[in-house]
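Encoded as structure tokens, the structure appears first; notes follow it.
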Amino acid sequence: DHRDLHSFPTRRSSDLAGEKKQCIDWINYAYQLDRTPATAWGCADFLEGIGEKQEAKRLLNDVLEVVKSNPASDVDPKDIQSVKDRVEKM
């Protein structure tokens, strides 16, 4: 019966905005635990997937700064170049 469809609870846009903010906060937290190009890449994928391209770009730029400020890190130069290329395409 089509009337049953109207009995399902619906979400308000304010609920969804709050959930999106929580997702962004968790992604940023995960990135802070492991500030590497691989983690930044995965987090940026998720952020772009939920429409947060600017936040993804900020995170990728941050990891480039982290790597630049720590020249002794064992990050593969190819990984750094991949992140740079992605930021340029954004």
Side-chain angles (χ1 to χ4, degrees):
D1 187 356
H2 76 282
R3 290 174 292 177
D4 291 337
L5 295 176
H6 298 290
S7 65
F8 285 106
T10 58
R11 290 182 150 168
R12 296 184 308 250
S13 60
S14 61
D15 294 342
L16 295 176
E19 288 176 9
K20 187 174 183 178
K21 168 94 172 71
Q22 282 183 317
C23 285
I24 293 167
D25 290 346
W26 275 108
I27 290 296
N28 284 315
Y29 175 73
Y31 168 66
Q32 293 301 318
L33 293 175
D34 182 35
R35 294 171 75 187
T36 62
T39 301
W41 192 276
C43 291
D45 282 347
F46 186 84
L47 289 166
E48 281 192 280
I50 62 171
E52 292 294 326
K53 191 173 186 174
Q54 287 303 102
E55 187 69 17
K57 188 173 184 177
R58 183 201 59 75
L59 192 139
L60 291 169
N61 279 319
D62 181 77
V63 81
L64 290 174
E65 288 300 315
V66 168
V67 171
K68 187 170 40 173
S69 68
N70 186 6
S73 71
D74 60 349
V75 176
D76 188 328
K78 291 179 192 174
D79 291 340
I80 297 168
Q81 190 58 51
S82 293
V83 172
K84 287 179 181 178
D85 292 345
R86 184 172 178 178
V87 169
E88 288 175 14
K89 290 178 184 177
M90 293 177 118

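On a predicted model such as this, the values are computed, not experimentally measured, just so you know. When reading the values below, keep in mind they use all heavy atoms of this one structure, side chains included, and skip hydrogens, waters and symmetry mates.
The two residues V83 and L60 have their closest heavy-atom pair at CG1-O, 3.8 Å. Closest approach of A56 to A44, counting heavy atoms only: CB-O, 3.7 Å. For the residue pair F46 and C23, the shortest heavy atom distance occurs at CE2-CB, 4.1 Å.
Note that the CG atom of L59 and the CH2 atom of W41 stand 12.5 Å from one another [nearest 0.5 Å]. Note that the CD atom of E55 and the CD1 atom of I50 stand 9.0 Å from one another [nearest 0.5 Å]. The NZ atom of K57 sits 10.5 Å away from atom CD of E48, with the distance rounded to the nearest 0.5 Å. Atoms CD1 and CD, on I24 and Q22 in that order, are 11.0 Å from each other to the nearest 0.5 Å.
There is no side-chain donor-acceptor pair under 3.5 Å between N61 and E65.
Side-chain atoms of D79 do not come within 3.5 Å of backbone N or O of V75 as any donor-acceptor pair. Judged by distance alone, with hydrogens and angles left aside, the side-chain atoms of T39 form no donor-acceptor pair with the main-chain N or O of R35 at under 3.5 Å.
Under 4.0 Å is where a charged nitrogen must lie from a carboxylate oxygen, and between D62 and R58 no such pair does. The pair R86-D45 meets the salt-bridge criterion, with a side-chain N (NZ, NE, NH1 or NH2) lying under 4.0 Å from an Asp/Glu carboxylate O.
By the 4.5 Å heavy-atom criterion applied to side chains, L33 and Y29 are counted as neighbours. The shortest distance between side-chain heavy atoms of Q54 and M90 does not fall below 4.5 Å.
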Before giving the answer on side chain to side chain donor-acceptor pair (under 3.5 Å), spell out for Q81 and D85 the whole-Å C-alpha distance, their side-chain angles and the decisive distance to 0.1 Å.
-> CA-CA 6 Å; Q81 190 58 51; D85 292 345; 2.8 Å; yes
